[in-house]
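Notes to accompany the following structure.
Everything quoted here is computed from the prediction, not taken from an experiment.
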Amino acid sequence: MSIRTRFAPSPTGYMHIGNLRTALYAYLVARKDPEGVYILRIEDTDQGRLVEGATDIIYDTLKACGLRHDEGPDVGGDYGPYVQSERVRDGLYKDYAHKLIRRGGAHYCFCDEEMLQERRQAEGDSFKYDDPCKLLSVEECEKRIAAGEKYVIRQTIPEGQTSFNDEVFGTITVDNETLDEQVLLKSDGFPTYNFANVIDDHLMGITDVVRGMEYLSSTPKYNLIYEAFGWEIPRYIHCPPVMKDEHSKLSKRNGDASFQDLVAKGYLPEAILNYIALLGWAPEEDREIYTIDELVQAFNVRRIGKVGAIFDPEKLKWLNGMWLRAMDLDAYTALVTPYIDQAVKGDFDRKKIAAIIQQRANTLQEIPDMLGFLDHFEPFDSELYFNKKMKTNAEVAKEILPECLEVLKNQEDWSQEALHTVLLELPKRLEKKNGQVLFPLRIAITGKASTPGGAIEIASILGKEETLRRLETAISRL
């Protein structure tokens, strides 16, 4: 049988990093099989937490990351509907809940849910509920239901132990007495997540379940449902959490960045996906840059770790910079022009500007702050000419800059190549090091301690008239 995986998010807001990593790993597992199928299922049974527009965010995120699903609400498929609330309307979960009662895997419960919730909150981990309704016969329960009593359907946990195998954590065995007899079908007819995902995974033919390790403790209860129905249990791949630090999980609720936040900060979707693939998974090769197709080839669930991986913003920034620098210059120029335009209103060649920032900007949002000097040449302190490494200061600048001005006044060809030739002849003639000429010149025509390009590149962008104007102004101020 072909591998079938699913990504089953709840539309409750932005796509947080841990959720996107689950989507990625499920995609990679499916794509390892040439006949594999990757499914998108929207799990919206918790109606109180739904956020308007969140489903579109899910679609947009998967599309931006290149995680194309083969079946889903927007593309269809043979196992729909792919939205759980639509399956509720079909009566699907209610039918299976009643079937599970007849097979001994569940029972009707008429107890006060609000009271039980209060006890659960008060008693915490020590809460243990032994449902007296288990002693009622099905016939008696049906009479009470016919009389109008409200009910839920709870799972019935048998005595003994339950074991399961996980591809990451190995074999796990639990005593059944530690398992809570969870609600499967609520009084409003909606299933709980724990019931709906088991039913849907079976009916959609899911062979491999990829999810966070927070579901490890619930997996024995899921398996008891599979066993009660006589269904085949899928292969489990539980992933460690993405951590903010050694003690806290990364969480949008705590203000940590979502995928949308990172894109807004100037990170490429490809770089984000590349980085989160490495959070908890170690490739066999000693490399860190992967396209999505390369990840499909390299991915192996046996290389997923057991402990949480800490999200390092600086590592992501470095990786994003590597992706930006690897781009074709024309494609890069098209990408960054809107960011250049935020800071540069003058009629300067955008491709030349792109060329000087490509090797220096690690995120797109860094770009506007790098370029203000192009439109605005302001007075600056002559201390900027001082550089111990370059062996320059204001006195050196007084000597060098008039020489630069004379050379540039006589220069007709203002291409970067021509400027490079004539300006590098000057240090030889003056018996100076290159830096003693080019460093003061860059300061003189930008007025900034640091710029994304050197004197030659910037002079080429500014053009002859503006370069000479700035150079003359800088000399007069000295």
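Minimum heavy-atom separation, Ala277 to Leu24: CB-CD2, 3.6 Å. Of all non-hydrogen atoms in Gln358 and Arg325, the two that sit nearest each other are O-CG, 2.9 Å. A pairwise comparison of heavy atoms in Met204 and Arg4 identifies O-NE, 2.8 Å as the closest pair. The two atoms that bring Ala30 and Val37 nearest to each other are CB-O, 3.7 Å, heavy atoms only.
In this structure, Asp328 places its CG atom where more than 12 heavy-atom neighbours from other residues, nucleotides or ligands lie under 6.0 Å away. Within 6.0 Å of the NZ atom in Lys32, the count of heavy atoms belonging to other residues, nucleotides or ligands exceeds 12. Counted within 6.0 Å of NZ on Lys94, heavy atoms from surrounding residues, nucleotides or ligands total 12 or fewer; the atom is thus considered open. More than 12 heavy atoms of other residues, nucleotides or ligands sit less than 6.0 Å from atom NZ of Lys345. Other residues, nucleotides and ligands contribute over 12 non-hydrogen atoms within 6.0 Å of the NZ atom of Lys134.
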Does Asp261 form a side-chain hydrogen bond (donor to acceptor under 3.5 Å, both in side chains) with Ser258? I'd like the steps, not just the answer. CA-CA 5 Å; Asp261 292 330; Ser258 66; 3.2 Å; yes
Yes or no on side-chain hydrogen bond (donor to acceptor under 3.5 Å, both in side chains) for Tyr215 and Asn197, after CA distance, side-chain angles and deciding distance? CA-CA 12 Å; Tyr215 293 105; Asn197 88 83; over 6 Å; no
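The closest side-chain heavy-atom distance from His69 to Phe7 is not below 4.5 Å. Between Asp201 and Tyr222 there is no side-chain heavy-atom pair separated by less than 4.5 Å.
For Ser460 (side chain) and Ile456 (main-chain N/O), no donor-acceptor pair under 3.5 Å exists by modelled atom type. Without hydrogens or angle criteria, Asp90 side chain to Leu92 main chain gives no donor-acceptor distance under 3.5 Å. Using a distance-only test at 3.5 Å, with no hydrogens or angles considered, no donor-acceptor pair links the side chain of Asn320 to the main chain of Tyr267. Checking side-chain atoms of Lys306 against main-chain N and O of Val168 turns up a donor-acceptor pair under 3.5 Å. The backbone N or O of Lys99 lies less than 3.5 Å from no partner atom in the side chain of Arg103, so there is not a single donor-acceptor pair. Here the side chain of Asp375 pairs a donor or acceptor atom with the backbone of Gly346 at under 3.5 angstrom. Side chain of Glu159 to main chain of Asn176: no donor-acceptor pair is present (N/O by atom type, distance under 3.5 Å, no hydrogens or angles). In this structure a side-chain-to-backbone donor-acceptor pair under 3.5 Å is missing from Lys249 to Lys244. Judged purely by atom type and a 3.5 angstrom limit, Thr5 has no side-chain atom pairing as donor or acceptor with the backbone of Tyr38.
Aromatic ring centroids of Phe190 and Tyr93 lie 6.0 Å or more apart.
A salt bridge is defined here as a Lys NZ or Arg NE, NH1 or NH2 lying under 4.0 Å from an Asp or Glu carboxylate O, and Asp33 with Arg31 fails to meet this definition.
If you take CG on Leu262 and CD1 on Ile272, they are separated by 4.5 Å, rounding to the nearest 0.5 Å. In this structure, CG on Asn362 lies 10.5 Å from CD1 on Ile367, to the nearest 0.5 angstrom. Atom CG of Asp245 is separated from atom CZ of Phe311 by 13.0 Å, given to the nearest 0.5 angstrom. Atom CG in Asp44 sits 7.0 Å away from atom OG1 in Thr55 (nearest 0.5 Å).
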